[in-house]
2 protein chains.
Amino acid sequence: MPDKDPFRESRVESRRSRPAKPPLSRDVIVEEALRQMSTEGGAPLSLRRIAKALDTGPASLYAYVDGMSELQALVLDHALAGVQTDSVGSWRERLEALLISHATVLARSPALARMVFQTTAVGPNALRINDAVLQLLAEGGVDQANAAWAIDLLDMFVSATVAEHAADTGAAQPGGPIEQALARASAGEHPHVHAARDDILSGTGEERFRWGVDILVRGILSRAQSQ
Amino acid sequence: MPDKDPFRESRVESRRSRPAKPPLSRDVIVEEALRQMSTEGGAPLSLRRIAKALDTGPASLYAYVDGMSELQALVLDHALAGVQTDSVGSWRERLEALLISHATVLARSPALARMVFQTTAVGPNALRINDAVLQLLAEGGVDQANAAWAIDLLDMFVSATVAEHAADTGAAQPGGPIEQALARASAGEHPHVHAARDDILSGTGEERFRWGVDILVRGILSRAQSQ
DNA sequence: ACCTGAACACCGTTCAAGT
DNA sequence: ACCTGAACACCGTTCAAGT
């Protein structure tokens, strides 16, 4: 048997020498989670998949993270760091831009969008966003009591929009379940839906989002001014 | 060995004679699902658990239901049958009553509330509810184009309210994560949140729901009248 | 003291094999 | 033809046992 060639390519890869497989940490875990959410198309977050990617067993993650629900909170806040809270224009334009930025960040991955009603956003970035919205509403002349409730309503609108969008795997497309349902609305039994069917399906996502923001802002101003 | 007493209580229970273990059907499955959602506190719907309760293996359900996501759609519509679409008063009062009824039905079980952004409500009851809302908005003088988009916004509001409520396992309680987050909002870094902290936490769920409906209706009317 | 393999108690879905 | 036990490919979480 010939001697082993000492210059042969090593096929065993020491995991120590593998370049920059960094030691486990909260940050590494959260970043891997976000990476998977943006690449793995729509698949739900999984501790086991994260562990595998980081070359450990799932139990090891529990040293750095309390469990799935804490991880979700960390991931959500990390993602919210991308929300732009400063832009230019009137307070109304800046509010709209902020909400669009918020929705855009959440819509970047379906898994993130689905997370939005499972975890309450209470991290530093949620704080930053809410503070900015309160600032803008104050500029718009909305009193503090109404503004304080309004931030929740605006947030619900953003969250519901992205969550709805993430859920429908094409429900709104031509021939999809929504169109089929509308087709089932007869003039006799559901006259109003029947009559409005084209209007119900009209508009792009962004048009409808802007329309929603307009409705909310009008409502908030109207209420604030009546008091 | 003594003879068996022919009058002894039978301990073997023929499943044929067990009273009314009805044959499998879509309806039986959907009803068992709803039963479990209202009793099993907050646990997510599970095909396996339904199958066990109906005395079969999980595979048997697939003869009657396409899979989890079709079951969810059926369950949601079945539940929506409980939404009251007729009440008395002005159109505005009747709209508020309808939305409260809708929210109440969905909030009956956390599992149902969580389902609301996973499945698009397109069954007969969703049709009935949407038709009633369109009718009320028409009464209120809202044009068809705005009303057609408004039904989605109102539905998102109801859904987001119950979904948020279902998610927070007490996030809003005194000492809960929301209060803790607000405590982290310093006067220096987050002045508006800091100043509004009491207002942010104020109000009951129902007060805030009615406030939200008021904002939405004001906004919709304002927009409709401006065109 | 720290870490983790293996186990626990679940999932939804598929399909071969049996009646 | 219909039905389903068992398997497949996953989950999150726990914990005993090892270093």
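Just so it is clear: chains get the letters A, B, ... in the order the sequence lines come, proteins before strands, and each one is counted from 1.
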Participant: Where each residue is assigned the nucleotide of DNA chain C containing its nearest heavy atom, which of B:Met68 and A:Tyr64 is assigned the position nearer the 5′ end?
Facilitator: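 In this pair, the answer is A:Tyr64.
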Participant: Please tell me if A:Ser60 has a side-chain N or O lying less than 4.0 Å from either OP1 or OP2 of C:dC3.
Facilitator: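 Checking A:Ser60 against C:dC3: no side-chain N or O falls below 4.0 Å of OP1 or OP2.
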Participant: Mind checking A:Pro44 for me? I need base, sugar-phosphate or nothing, with any heavy atom below 4.0 Å counting as a touch.
Facilitator: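 If one applies the 4.0 Å heavy-atom cut-off, A:Pro44 turns out to touch nothing in the nucleic acid.
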Participant: What's the closest nucleotide to the side chain of A:Leu47 if the choices are C:dT13, D:dT4, D:dG12?
Facilitator: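 Output: D:dG12.
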Participant: For C:dC10 and D:dC8, measure between their C1' atoms and round to the nearest Å.
Facilitator: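 Roughly 15 Å separates the two C1' atoms.
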Participant: Could you tell me how far apart B:Leu54 (CG) and D:dC3 (C1') are, to the nearest whole angstrom?
Facilitator: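 Interatomic distance, CG of B:Leu54 to C1' of D:dC3: 15 Å.
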Participant: Classify the side-chain pair A:Arg108/A:Ser38 by whether it contains a donor and acceptor separated by less than 3.5 Å.
Facilitator: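 Side chains of A:Arg108 and A:Ser38: no pair found under 3.5 Å.
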Participant: Can we say A:Glu179 and A:Arg184 salt-bridge, meaning some charged N sits less than 4.0 Å from an Asp/Glu carboxylate O?
Facilitator: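 Salt bridge: no.
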Participant: B:Arg48 has an atom CZ; how far is it from atom P of D:dA6, in whole Å?
Facilitator: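 Roughly 12 Å, once rounded to whole Å.
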Participant: Counting side-chain heavy atoms from C-beta on, which of D:dC11, C:dG12, D:dG12 comes nearest to A:Arg49?
Facilitator: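 The nucleotide sitting nearest to the side chain is D:dC11.
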Participant: In terms of side-chain heavy atoms of B:Ala63, which of D:dC3, C:dC15, C:dT4 is nearest?
Facilitator: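 Of the options given, the side chain of B:Ala63 lies nearest D:dC3.
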Participant: Tell me which nucleotide, if any, is Watson-Crick or G-U wobble paired with D:dG18 when both distances must be under 3.5 Å.
Facilitator: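 For D:dG18, the partner nucleotide comes out as C:dC2, under the 3.5 Å rule.
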Participant: Roughly how far, to the nearest 0.5 Å, is CG of A:Leu98 from CG of A:Leu136?
Facilitator: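 If we round to the nearest 0.5 Å, A:Leu136:CG and A:Leu98:CG are 6.5 Å apart.
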Participant: Nearest to the A:Ser46 side chain among D:dC11, C:dT13, C:dG12, which nucleotide is it?
Facilitator: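 Taking heavy atoms from C-beta onward, the closest nucleotide is D:dC11.
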Participant: With a non-hydrogen cut-off below 4.0 angstrom, is B:Leu45 in contact with a base, only sugar-phosphate, or nothing?
Facilitator: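 If one applies the 4.0 Å heavy-atom cut-off, B:Leu45 turns out to touch the sugar-phosphate alone, with no base involved.
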Participant: Given atom NZ of A:Lys52 and atom C1' of D:dC11, what is their separation to the nearest angstrom?
Facilitator: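 The answer, rounded to whole Å, is 11 Å.
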Participant: Could you tell me how far apart A:Leu61 (CG) and C:dC2 (C1') are, to the nearest whole angstrom?
Facilitator: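 Taking CG of A:Leu61 and C1' of C:dC2, I get 15 Å after rounding.
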Participant: Can you tell me the distance, in whole Å, between the CD atom of A:Glu70 and the C1' atom of D:dT13?
Facilitator: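 About 15 Å, once rounded to whole Å.
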Participant: For the pair B:Arg35 and B:Glu31, find out whether any cationic side-chain nitrogen is under 4.0 Å from an anionic carboxylate oxygen.
Facilitator: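 A salt bridge is absent here (no side-chain N lies under 4.0 Å from a carboxylate O).
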Participant: Could you check which of C:dG12, D:dT13, C:dC3 has an atom nearest any side-chain atom of A:Tyr62?
Facilitator: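 Nearest listed nucleotide: D:dT13.
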Participant: Specify the separation, in whole Å, of atom CG of B:Leu24 and atom P of D:dC2.
Facilitator: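 Answer to the nearest Å: 15 Å.
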Participant: Figure out the CG/P separation between B:Leu71 and C:dC11, and round it to whole Å.
Facilitator: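 Answer to the nearest Å: 14 Å.
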Participant: Are A:Phe157 and B:Phe157, when compared by the centres of their aromatic rings, separated by less than 6.0 Å?
Facilitator: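 Here the rings of B:Phe157 and A:Phe157 have centres that are no less than 6.0 Å from each other.
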Participant: Within this structure, what is the CD1-to-P distance between B:Ile50 and C:dC11, rounded to whole angstrom?
Facilitator: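 For the pair B:Ile50 CD1 and C:dC11 P, the rounded distance is 10 Å.
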Participant: What is the base-pairing partner of C:dC10, counting Watson-Crick and G-U wobble geometry with both distances under 3.5 Å?
Facilitator: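 WC or wobble partner does not exist here.
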